[in-house]
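Below: the structure, in structure tokens.
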Amino acid sequence: MDTIIRGGTIVTESDTFVADLGIEKGKIAAIGNNLPAKKGTTVINARGQYVMPAGIDVHVHLQLPFCGSVSRDDFENGTKAAACGGLTTVIDFAIQTKGKTLKETVAARQQEADSNVAVDYALHAGITDWNPRTKREMREIIAGGIPSFKMFMIYKNQGWMADDAILYFALEEAAKYGGRIGVHAENVFLLDALIAEYQARKKLPPGCYAHALTRANFTEGEAVNRAVYLAGAAKGSLYVFHLTCKEALQAVAEGMHKGIDVVAETCPQYLSLTEDLFKRKDGHHFATCPPIRSKADVAALWEGVREHALPIVSTDTCTFDSKQKAMWKGDFTKIPFGMPGVETLFPFLFTEGYLAGRLSLNEVVSLVSTNPARLFGLYPGKGSLLPGTDADIVVVDPKRKVKIDWRKLQTNCDFNPFQGKVLGGFPTATLCRGEVVARNGKFTGRKGYGRFVKRRPHGNL
Ligand code: URP
Ligand code: ZN
């Protein structure tokens, strides 16, 4: 064997036991006791540490042209940050611009990524130009390893919006070939009207608090409800990206009870931060859309995670630094939406889920690795520790704690939503296909090592 991870506590979605894990040619070769090392075998001592399948972030926007800027974590740095945080696969988006085919869009995004990525990546196809050609292309895109799509129920001005009819037909078409439609669900007409109402006011609430007030829970709850209904009508498969509030969660839960194929994710920012942050002078740093919400929503989301109504936690990484965020110049409609996240996903869940007693460590593995792999067609090659699969592994010392300081993170941002918070769960080693790509929070791999991963259709949990 090339590498043996010796004596760690192996944690998968279902099991926890002490053993050695052997790696050969980038694949997991064996799990057992006293695996023999030969001359030249690298031995990683993991005694007293956890050995788990590496994380998969199914929602990142690296170098995304958006809100008049480009998100600061590019394919190179974003995937280095992923490695430092214990993730070895990220799923980014190839978002169509008007007039471009899906195939052209995917090829261009792969070109941007391929020589730069430090860990493995896959793509969702973003449908923004619905026409007979786009519809025809879906079959080929799915067959080519991209069985999931993102459609935006908002962003009219960005030229990305899909209306209800487009969403319905896309759900129907994707279902024919085992594809899943993901949505950014907010009600665009309500948002526009609420924003106009606030813009007409002489006095606005402090900071950028109007950002929260104009994107009230019901604007998301209604849109999720509608998307779920359309998925049922089309007999399609739906994924709700970045779900943030109890109304939206209820819509998903009701859909699941009716037997509609709907799965939703939430993100660490929605499981921890609350909207009073927007009243602060630097509140605009935390503006995402949908926005962070109330304490009651945070509690409801944790309940959803515990009860498996939210079986995946992703990040929606879309890093804008303070200079980019400053473009808002006091106008709450002009804040670049998004935050860093990919580097702190695993530590956040380890700390706030496992160490805080909300989740077992097996559940953390499910949320951040096995469920994402199953739903998005990567399992068992990724998201498991089965022999013959990719040796994508994190080794975590439960005693190691890190006080978050943006200056010390790989992420390209001069603030962090968890600044000053102490998190466990940062890996002492991250292995991507058997190569150690990060040690103790420092990137040790190389740019270009990552590969595009083709995914299978009909993904399910
Ligand atoms: O604030 C967000 N969510 N930024 C990224 C773009 C999106 O809507 O997913
Ligand atoms: Zn979105």
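Indexing begins at 1, ligand by ligand and atom by atom, following the structure's order.
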Q. Does any N, O or S atom in Lys150 come within less than 2.8 Å of the Zn ion (ligand 2)?
A. yes
Q: List every atom of ligand 1 that sits less than 4.0 Å from any heavy atom of His59, numbering the atoms from 1 in the order shown and giving each element.
A: 9 (O)
(Q) Quick test of your reading of the model: are Arg451 and Asp120 salt-bridged, counting only N-O distances below 4.0 Å? (A) no
Q) Can you tell me if CZ on Phe189 sees more than 12 non-hydrogen neighbours from other groups inside 6.0 Å? A) no
Q: Could you tell me the separation between the NE2 atom of His59 and the NE2 atom of His184, rounded to the nearest 0.5 Å?
A: 8.5 Å
Q: Report the nearest protein non-hydrogen atom to atom 3 (N) of ligand 1: residue, atom name, distance rounded to 0.1 Å.
A: Asp316 OD2, 2.6 Å
Q. For ligand 1, which atoms have a heavy atom of Cys318 less than 4.0 angstrom away?
A. 5 (C)
Q) Would Asp57 and Thr315 count as having a side-chain donor-acceptor pair, cut-off 3.5 Å? A) yes
Q) Should the ring pair Phe350 and Phe346 be called parallel, tilted or perpendicular, given that the plane angle runs from 0 to 90° and is split at 30 and 60? A) parallel
Q. Do ligand 1 and Leu64 have nitrogen or oxygen atoms that lie under 3.5 Å from each other?
A. no
Q.
Students should be able to answer this: which protein heavy-atom is nearest to atom 1 (O) of ligand 1, and at what distance?
A. Cys289 N, 2.9 Å
Q) Is the distance from the Zn ion (ligand 2) to some N, O or S atom of His184 under 2.8 Å? A) yes
Q: Identify, for atom 4 (N) of ligand 1, the protein heavy atom at the shortest distance, and state residue, atom and that distance.
A: Phe337 O, 3.2 Å
Q. Quick one: which ligand 1 atoms are inside 4.0 Å of a heavy atom on Tyr155?
A. 6 (C), 7 (C), 8 (O)
Q | More than 12 heavy atoms of other groups within 6.0 Å of Lys176 NZ | A | yes
Q | Distance filter under 4.0 Å to Gly338 heavy atoms, resulting ligand 1 atoms | A | 1 (O)
Q. So is there a nitrogen or oxygen of Phe152 less than 3.5 Å from a nitrogen or oxygen in ligand 1?
A. no
Q: State the CG-SG distance between Asp331 and Cys208, to the nearest 0.5 angstrom.
A: 11.0 Å
**Q.** Lys150, portion touching ligand 1 at heavy-atom distance under 4.0 Å
**A.** side chain
(Q) For the backbone of Lys382 and the side chain of Asp392, can you confirm whether one donor and one acceptor N or O come within less than 3.5 Å of each other? (A) no
(Q) Which of the numbered atoms in ligand 1 are under 4.0 angstrom from any heavy atom belonging to Phe66? (A) 4 (N), 5 (C), 6 (C)
Q. Can you check whether His184 has an N/O within less than 3.5 Å of an N/O in ligand 1?
A. yes
Q.
Can you tell me which portion of Met339 lies within the under-4.0 Å heavy-atom range of ligand 1? Options are side chain, backbone, both, or neither.
A. neither
**Q.** The single option from Ile56, Val453, Ile312, Asn371 passing side-chain contact (heavy atoms from CB on, under 4.5 Å) against Phe376
**A.** Ile312
Q | Residues, nucleotides or ligands: over 12 heavy atoms within 6.0 Å of Tyr229 OH | A | no
Q | For Thr288, atoms of ligand 1 separated by under 4.0 Å from a heavy atom | A | 1 (O)
